[in-house]
2 protein chains.
Amino acid sequence: MEDTRNRILKAALESFSKHGYTGATTREIARVSEVTEVTLFRYFQSKEKLFENVVCKFLPGPEFGQFVSNAKELDYRQALESIAHFFLEGLKQNEDLIRILYMESQRHYELMEQIYSALINNLNVILADYFTELQGKNIIRRFDPSVGAKMFLGIWIAFYEEEHLFAIDPGKVKTVEAVRECIEIFVRGTQA
Amino acid sequence: MEDTRNRILKAALESFSKHGYTGATTREIARVSEVTEVTLFRYFQSKEKLFENVVCKFLPGPEFGQFVSNAKELDYRQALESIAHFFLEGLKQNEDLIRILYMESQRHYELMEQIYSALINNLNVILADYFTELQGKNIIRRFDPSVGAKMFLGIWIAFYEEEHLFAIDPGKVKTVEAVRECIEIFVRGTQA
DNA sequence: CCTTAATGATAGTTATTACTTACTTACACT
DNA sequence: AGTGTAAGTAAGTAATAACTATCATTAAGG
C-alpha cells in the first residue's frame with residue numbers, strides 16, 4: 001500500500017538524518033514506521049535503494065526558488081528581504097535533507113549533488129539573473145552577478161547552519177532584525 | 001612511543017573525516033597507521049576515546065584568529081581582504097576537522113561545539129570587536145557589529161563549503177576575484 | 001646478560017547488521 | 001467459497017564490528 005511505503009520513507013528520512021547512512025539501521029526504520037523489517041525489504045530491495053528513494057522522494061522541485069520570480073515586482077530592498085526570508089524558510093523545511101547532505105557529501109557524492117543543486121545552485125542562477133536584470137536597468141551597480149548571488153545566499157546559509165545544524169544559541173539578536181541589518185549592508189553595497 | 005600515538009591519531013582523523021564516526025573502523029585506522037589493532041587499543045581504550053583524542057589533538061588553538069588583530073594596522077578594505085583570505089586558508093587547513101564537524105554535529109554535540117567555537121565563534125567575537133572599534137572612530141557606520149561579523153564570515157563559510165565540502169566546481173570566477181568583489185560590496189555597505 | 005617497555009601475531013568473543021527463507025494471517029473482491 | 005494481495009512471524013545466515021587474552025619478538029639501558 002502507498003501508505004506503508006510513505007511511512008517507511010518518512011521514518012527513513014528521519015533516521016538517516018539523525019544517524020547518517022551507516023549509523024541508521026533498517027531495524028530502527030522498520031520499528032518507527034511500524035512495519036516489520038521484512039516488509040521494508042519487500043518495498044526497497046536494499047538499504048542503499050531505500051536511501052536513494054528517500055532522497056528522490058523529498059528532493060524539492062523547481063517550485064523551490066519560484067519566490068525569486070515572485071519578488072521581482074517589489075522594490076529592490078523589499079525583494080531581497082523577501083527572498084532571504086523565503087530562502088531561510090525553505091532551508092528550515094528541508095532540515096532533514098540538509099543534514100543528510102552534510103553527512104553524506106563524501107560517500108554519496110552524486111546523490112548529494114542533486115540536493116545541493118535543488119536547494120542552492122538553482123537559486124544561485126535565478127538570483128544572478130535577477131541582478132543582471134537590475135544592472136541593465138541601472139538600479140544597481142555593476143558587479144559579477146553570480147558572485148553577488150553566491151554572497152547573498154551564503155549569508156543565510158551560514159545563519160541557518162549556526163542555528164539549525166549546530167544548534168548554537170543565536171543570542172539576543174533576533175533573526176528578523178539580523179536579516180534586515182545584513183540586507184541594509186548588501187543594498188548599500190550594491191546600489192548604483 | 002609518541003610517534004606511534006601520533007600516527008594513529010593522524011590516521012584516525014583521516015578515517016573519521018572520510019567515513020564519519022560509525023563508518024570508520026578501528027581495523028582500517030590501525031592498518032593505515034601501520035600498527036596492529038591491539039596497539040591501537042593499548043593507547044586508546046575505546047573507539048570513542050580515540051575520537052575524543054583526535055578532536056582535542058587537532059583542535060586549533062587561540063592563535064587561529066590572531067590574524068584579525070594583525071590586520072588592524074591596515075586600511076579597512078585591506079584589513080577585510082586579509083582577514084577573509086586568512087580565514088579561508090584556516091578553514092582549508094582544518095578541512096578534516098570541519099568534515100567531522102558537519103558529520104557528527106548530531107551525535108557528538110558537545111565535542112563538535114568545541115570545534116565550532118575554535119574555528120568560527122571565537123573569530124566572530126574578535127571581528128565584532130574590530131567593527132565596534134572602527135565605529136567608535138567613525139570609520140564605518142553604525143550597525144550591529146556581531147551581525148556584521150556573522151555576515152562577513154558567513155560569506156566565506158559558504159564559499160568554502162561549496163568548493164571543499166561539496167566539491168562543486170567554482171566555475172570561471174577565481175576565488176581571489178570573488179573575494180575582492182564581495183569585499184567591495186561589504187565595504188560600500190558599511191562605510192560611514 | 002638481564003630486565004623492561006613497546007609492539008607484533010594469533011586467535012577468539014560477543015553483538016550487531018543487512019538481508020533471506022518459509023510459512024501464516026487478514027482482508028478485499030469476485 | 002475461493003483467490004490474490006499486503007502484511008506479519010519466526011528463524012536463520014554471513015559478514016563485520018569493537019574489543020580481549022595470550023604469548024612471542026625486538027631493542028634499549030643498566
Side-chain angles (χ1 to χ4, degrees), chain A residues 1-58 96 99-100 103-104 106-112, chain B residues 1-58 96 99-100 103-104 106-112:
Chain A
M1 230 177 147
E2 198 58 23
D3 177 54
T4 307
R5 192 187 158 86
N6 285 332
R7 257 168 34 228
I8 298 174
L9 284 170
K10 190 165 166 264
L13 176 73
E14 275 176 38
S15 221
F16 285 132
S17 134
K18 248 194 227 162
H19 311 290
Y21 180 77
T22 33
T25 68
T26 52
R27 184 186 296 179
E28 199 213 349
I29 295 171
R31 192 181 50 78
V32 171
S33 49
E34 289 177 300
V35 296
T36 55
E37 232 179 317
V38 180
T39 301
L40 186 153
F41 280 103
R42 271 197 275 250
Y43 278 92
F44 311 92
Q45 299 94 310
S46 67
K47 191 186 178 184
E48 186 66 35
K49 292 218 169 154
L50 170 60
F51 184 70
E52 288 165 20
N53 274 276
V54 165
V55 172
C56 293
K57 163 91 180 180
F58 295 101
D96 285 334
R99 287 232 175 81
I100 294 177
M103 290 197 285
E104 299 303 321
Q106 300 292 301
R107 275 167 303 184
H108 294 88
Y109 176 66
E110 289 181 26
L111 265 178
M112 296 308 105
Chain B
M1 231 179 145
E2 199 58 24
D3 176 55
T4 308
R5 194 187 156 85
N6 285 332
R7 257 168 34 227
I8 298 174
L9 284 170
K10 191 166 166 266
L13 176 73
E14 275 176 38
S15 221
F16 285 132
S17 136
K18 246 194 228 163
H19 312 290
Y21 180 78
T22 33
T25 69
T26 53
R27 184 185 298 179
E28 199 214 347
I29 295 170
R31 191 180 51 76
V32 172
S33 48
E34 289 177 300
V35 295
T36 53
E37 231 178 318
V38 181
T39 301
L40 186 153
F41 280 104
R42 271 197 276 251
Y43 277 93
F44 312 92
Q45 298 94 311
S46 66
K47 189 186 180 184
E48 184 67 34
K49 292 219 168 150
L50 171 60
F51 184 70
E52 288 164 21
N53 274 275
V54 165
V55 172
C56 293
K57 163 91 179 178
F58 295 101
D96 285 335
R99 287 235 173 81
I100 294 178
M103 289 197 285
E104 299 303 321
Q106 299 295 297
R107 275 168 302 185
H108 293 90
Y109 176 67
E110 290 181 26
L111 266 178
M112 296 307 105

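Residue numbering restarts at 1 for every chain, and letters A, B, ... go by the order of the sequence lines. Values in this document were obtained by computation on a predicted structure and should not be read as measured data.
- The residue among B/R5 and A/T22 whose nearest nucleotide of DNA chain C is located toward the 5' end is B/R5.
- A salt bridge is defined here as a Lys NZ or Arg NE, NH1 or NH2 lying under 4.0 Å from an Asp or Glu carboxylate O, and B/E104 with B/R107 meets this definition.
- Note on A/E28: nothing from the nucleic acid sits closer than 4.0 angstrom, heavy atoms only.
- Of the two residues near DNA chain D, A/Y43 and B/R27, the one whose nearest nucleotide lies more 5' is A/Y43.
- Within a 6.0 Å sphere centred on CD of B/E52, heavy atoms belonging to other residues, nucleotides or ligands number more than 12.
- As judged by a 4.0 angstrom heavy-atom cut-off over every strand, B/E34 is placed among residues touching the sugar-phosphate backbone only.
- Protein atom CZ of A/F44 is 11 Å distant from nucleotide atom P of D/dA7, rounded to whole Å.
- Set against D/dA21, C/dA18, D/dG8, the side chain of A/T36 has D/dG8 as its closest nucleotide.
- Relative to the side chain of B/T4, the nucleotides D/dG8, C/dT7, D/dA18 differ in distance, and C/dT7 lies closest.
- In this entry the distance linking CZ of B/F41 with P of D/dA18 reads 6 Å, nearest Å.
- Distance NE2 (A/H19) to P (C/dT16): 15 Å, rounded to an integer number of Å.
- Counting to the nearest Å, the P atom of D/dA27 and the CG atom of B/D3 are 16 Å from each other.
- At whole-Å resolution of the value, CD1 in B/I29 and P in D/dC19 are 11 Å apart.
- Among the atoms of the strands shown, only primed sugar atoms or phosphate atoms (P, OP1, OP2) are found under 4.0 Å from some heavy atom of A/A24.
- OP1 or OP2 of C/dT7 has not a single side-chain nitrogen or oxygen of B/T39 nearer than 4.0 Å.
- Rounding to whole angstrom units, CG of residue B/L40 and C1' of C/dT7 are separated by 13 Å.
- Here D/dA10 is the nucleotide among C/dT10, C/dA18, D/dA10 with the atom lying nearest to any side-chain atom of A/V38.
- Going from atom CG of B/L50 over to atom C1' of D/dA17 covers 15 Å, rounded to whole Å.
- Of the candidates C/dT7, C/dA18, D/dA18, C/dT7 carries the atom nearest the B/R42 side chain, counting heavy atoms from C-beta on.
- The shortest side-chain heavy-atom distance between B/F51 and B/L111 falls under the 4.5 Å cut-off.
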Worked check of side chain to side chain contact (heavy atoms under 4.5 Å, CB included) between B/M112 and B/V55
CA-CA 8 Å; B/M112 296 307 105; B/V55 172; 4.2 Å; yes
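- For the pair B/T26 and D/dA18, the criterion of a side-chain N or O lying under 4.0 Å from OP1 or OP2 is met.
- A straight line from NZ of B/K47 to C1' of C/dA15 spans 14 Å, rounded to a whole angstrom.
- Looking only at side-chain heavy atoms (C-beta outward), B/I29 and B/L50 come within less than 4.5 Å of each other.
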